[in-house]
Amino acid sequence: MADRINLTPAQEKEVARQYEILKRGVVEIVPENGLWEKLARSIATDTPLKVKLGVDPTAPDIHLGHTVVIQKLRQFQDLGHIVQFLIGDFTGRIGDPTGRSETRKPLTEEQVKQNAETYVRQYSKILDISKVELHYNSKWLSKLNFSDVLHLASKMTVARMLERDDFEKRYRSNQSISLHEFFYPLMQGYDSVALKCDIELGGTDQKFNLLMGRHLQREYGLEEQVAIMLPLLEGLDGVQKMSKSLGNYIGIDEDPVEMYGKTMSIPDELMIKYFELVTQVPLKELRELEEGLKSGSLHPRDVKMKLARTIVEMYHDAEQAQHAEEEFKRVFQQRSLPEDLPQKKWSGPNPVNVVDLLHALELVASKGEGRRMIEQKAVRIDGERVEDIQAQIAVKDGMVVQVGKRKFARLTF
RNA sequence: GGAGGGGUAGCGAAGUGGCUAAACGCGGCAGACUGUAAAUCUGCUCCCUCUGGGUUCGGCGGUUCGAAUCCGUCCCCCUCCA
């Protein structure tokens with residue numbers, strides 16, 4: 001196919017340039033030369049590519065894990081291609097199986113709409129949203145009648161469905177799979193049919209669904225999309241993929257200080273990966289950082305601080321990034337108090353038992369935990385360690401209560 | 001419809017009448033150390049009116065001096081047969 005497209009040397013160079021940018025961080029492209037060919041044709045015919053990203057409107061809080069794919073979209077956009085942002089409102093309204101056995105609660109139309117708006121707002125931090133094509137899959141999926149659905153279902157076999165990683169795992173480990181779950185890949189694939197997209201992006205966990213898009217496009221007589229798979233970003237624990245439900249995520253709406261601190265808590269080994277996948281720091285600079293770390297000329301902490309700063313800058317600004325860094329140094333390097341700590345009005349008894357105080361201030365989840373924290377020397381009041389769980393505390397205005405390194409409260413009357 | 005297997009703390013997984021608030025791993029938290037909320041090491045990790053008390057092992061009801069462990073029943077999951 002490629003050899004049928006005649007490119008001028010300048011065009012050839014442009015294809016190479018775009019390809020170079022686009023393959024950053026990519027794990028797999030199916031078919032392997034597909035992206036190159038699509039780009040070649042796009043440039044030869046001066047037609048932008050249509051790049052699809054589907055999202056489920058259930059979890060409207062975007063975190064860095066999601067941004068891996070969105071950054072890629074941004075690159076496509078910068079190169080003049082068209083981003084097709086697909087909101088799976090139909091699938092979301094029915095309730096998407098997530099690999100967990102419980103079925104998700106169906107969303108109301110109102111919730112879907114709200115979530116979609118939240119998405120658009122958050123995505124606009126990365127994408128030029130004015131140039132994004134917004135689609136809702138209810139537009140076509142809700143129109144299919146039962147015989148359309150049967151026709152669609154006939155394009156796929158049970159055995160092939162069971163090849164999908166999570167179906168296979170669940171099947172093997174004796175967990176239930178509802179019949180309707182088989183339709184999700186079909187619906188997602190059908191979206192590609194409806195959108196006639198050239199490219200679909202997704203995490204490596206989406207491979208099956210992305211291939212389904214290719215399969216169905218072929219079945220419906222369309223040119224097949226190219227599937228581009230990006231790695232799943234590990235979360236703060238460094239092991240499991242970043243996800244909201246695991247609580248190991250950095251949300252792009254989070255405040256600068258929190259965002260900075262969370263970044264500092266990722267394992268050292270993940271720093272370069274984060275740079276590559278969630279920032280636009282040039283590859284060349286990245287290699288230098290990597291070299292520096294290897295040779296010991298760069299301090300891992302400083303590299304991580306640079307990462308944290310870069311990330312905060314992306315979602316806030318340079319000034320706030322700077323401030324977050326100072327705050328971090330103050331609290332964790334110098335072990336002093338954060339600049340502004342949460343104020344709590346105290347209207348309880350005075351004096352008061354320490355444990356009751358901690359519990360009332362919600363610095364501990366239970367009194368048992370409060371006792372534990374004291375036994376573990378984690379509790380300080382105005383900088384003084386409290387080691388007696390019986391201690392009576394005379395509450396003073398402006399008094400600072402601290403549990404561990406991260407939980408603080410300043411008392412006022 | 002029939003036969004069999006299974007449901008244990010946030011998750012995974014032991015335990016199959018008292019020694020079990022329940023091993024172990026993961027996750028989480030704290031302390032030490034440090035180079036950061038990395039790594040490593042140590043400790044903790046159901047609740048409370050706490051040298052004691054209360055409530056847990058799918059739900060309910062039994063047996064027993066005593067049950068996560070035995071019985072009945074209901075719910076849910078899986079496998080095979082139809």
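Letters go in sequence order (proteins before strands), and every chain restarts at 1.
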Taking any strand in view, what nucleotide pairs with [N] in a Watson-Crick or G-U wobble way, both distances under 3.5 Å?
N     : result
B/U73 : B/G59
B/G25 : B/C11
B/U36 : none
B/C19 : none
B/A30 : B/U42
B/U79 : B/A3
B/A67 : none

Would you indicate whether the side-chain heavy atoms of A/Phe76 and A/Leu53 approach each other to under 4.5 Å?
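No - every pair of side-chain heavy atoms lies 4.5 Å or more apart.
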
Side-chain touch A/Leu293/A/Met271, heavy atoms, less than 4.5 angstrom:
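In short, these two side chains touch, coming nearer than 4.5 Å.
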
For [X], report the nucleic acid contact type (base, sugar-phosphate, nothing); a contact means any heavy atom under 4.0 Å.
X        : answer
A/Arg372 : sugar-phosphate
A/Lys304 : base
A/Met373 : sugar-phosphate
A/Ile266 : sugar-phosphate
A/Gly261 : base
A/Pro300 : base

Short N-O contact, A/Arg121 and A/Asp253, less than 4.0 angstrom
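Here A/Arg121 pairs with A/Asp253 in a salt bridge, since their nearest N and O are under 4.0 Å apart.
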
Any side-chain N or O of [X] under 4.0 Å from OP1/OP2 of [N]?
X        : N     : result
A/Ser366 : B/C48 : yes
A/Lys262 : B/U36 : no
A/Lys405 : B/G31 : yes

The side chain of A/His299 is closest to which nucleotide in this list: B/G35, B/C48, B/U36?
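Minimum distance to the A/His299 side chain belongs to B/G35.
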
Over how many whole Å does the gap from [X] atom [atom1] to [N] atom [atom2] extend?
X        : N     : atom1 : atom2 : value
A/Gln376 : B/U45 : CD    : C1'   : 9 Å
A/Glu327 : B/U36 : CD    : P     : 16 Å
A/Arg406 : B/G28 : CZ    : C1'   : 11 Å
A/Glu387 : B/G31 : CD    : P     : 12 Å
A/Leu293 : B/G35 : CG    : P     : 16 Å
A/Ile389 : B/C48 : CD1   : P     : 13 Å
A/Ile250 : B/A37 : CD1   : P     : 15 Å
A/Arg335 : B/G31 : CZ    : C1'   : 10 Å

Pick the [atom1] atom in [N] and in [M], then give their distance to the nearest Å.
N     : M     : atom1 : result
B/C11 : B/G43 : C1'   : 22 Å
B/C74 : B/G66 : C1'   : 26 Å
B/A14 : B/G6  : P     : 11 Å
B/A68 : B/G59 : C1'   : 15 Å
B/U51 : B/C57 : P     : 27 Å
B/C71 : B/C19 : C1'   : 25 Å
B/A3  : B/G12 : C1'   : 30 Å
B/C33 : B/U49 : C1'   : 39 Å

Distances under 3.5 Å between nitrogen or oxygen atoms of protein and nucleotides 21-26 of chain B:
none

Do the side chain of A/Asn248 and the main chain of A/Ser243 share a donor and acceptor less than 3.5 angstrom apart?
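Such a contact is found between A/Asn248 side chain and A/Ser243 backbone.
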
Side chains of A/Gln122 and A/His66: is there a donor and an acceptor less than 3.5 Å apart?
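Side-chain D/A pair, A/Gln122 to A/His66: absent.
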
For A/Pro267 and A/Gly404, take the nucleotide of RNA chain B holding the closest heavy atom to each; which residue's nucleotide lies nearer the 5' end?
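With A/Pro267 and A/Gly404 compared, the 5'-side residue is A/Gly404.
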
Taking the nucleotide of RNA chain B with the closest heavy atom to each, which residue, A/Asp356 or A/Arg301, is nearer the 5' end?
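Nearer the 5' end of the strand: A/Arg301.
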
Exercise: identify the closest heavy-atom pair between A/Gln320 and A/Pro256:
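Reported closest heavy-atom pair: NE2-CG, 3.7 Å.
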
Please identify each residue that fulfils side chain to side chain donor-acceptor pair (under 3.5 Å) with A/Arg372, with sequence neighbours left out.
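Listed in chain order: nothing, the list is empty.
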
Is there a donor and acceptor pair closer than 3.5 Å between the side chain of A/Asp237 and the base of B/G28?
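Looking at the base of B/G28, it does not pair with any donor or acceptor on the side chain of A/Asp237 (distance under 3.5 Å).
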
Take atom CZ in A/Phe146; do more than 12 heavy atoms of anything else shown fall under 6.0 Å from it?
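12 or below, so no.
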
Within 45° of the axis and under 6.0 Å from the centre of the six-membered ring of A/Phe408, does NZ or CZ of A/Lys344 qualify?
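No, cation not above the ring by the 6.0 Å, 45° rule.
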
Can you confirm if the aromatic rings of A/Tyr123 and A/Phe85 lie within a centre distance of less than 6.0 Å?
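Yes: the rings meet the under 6.0 Å criterion.
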
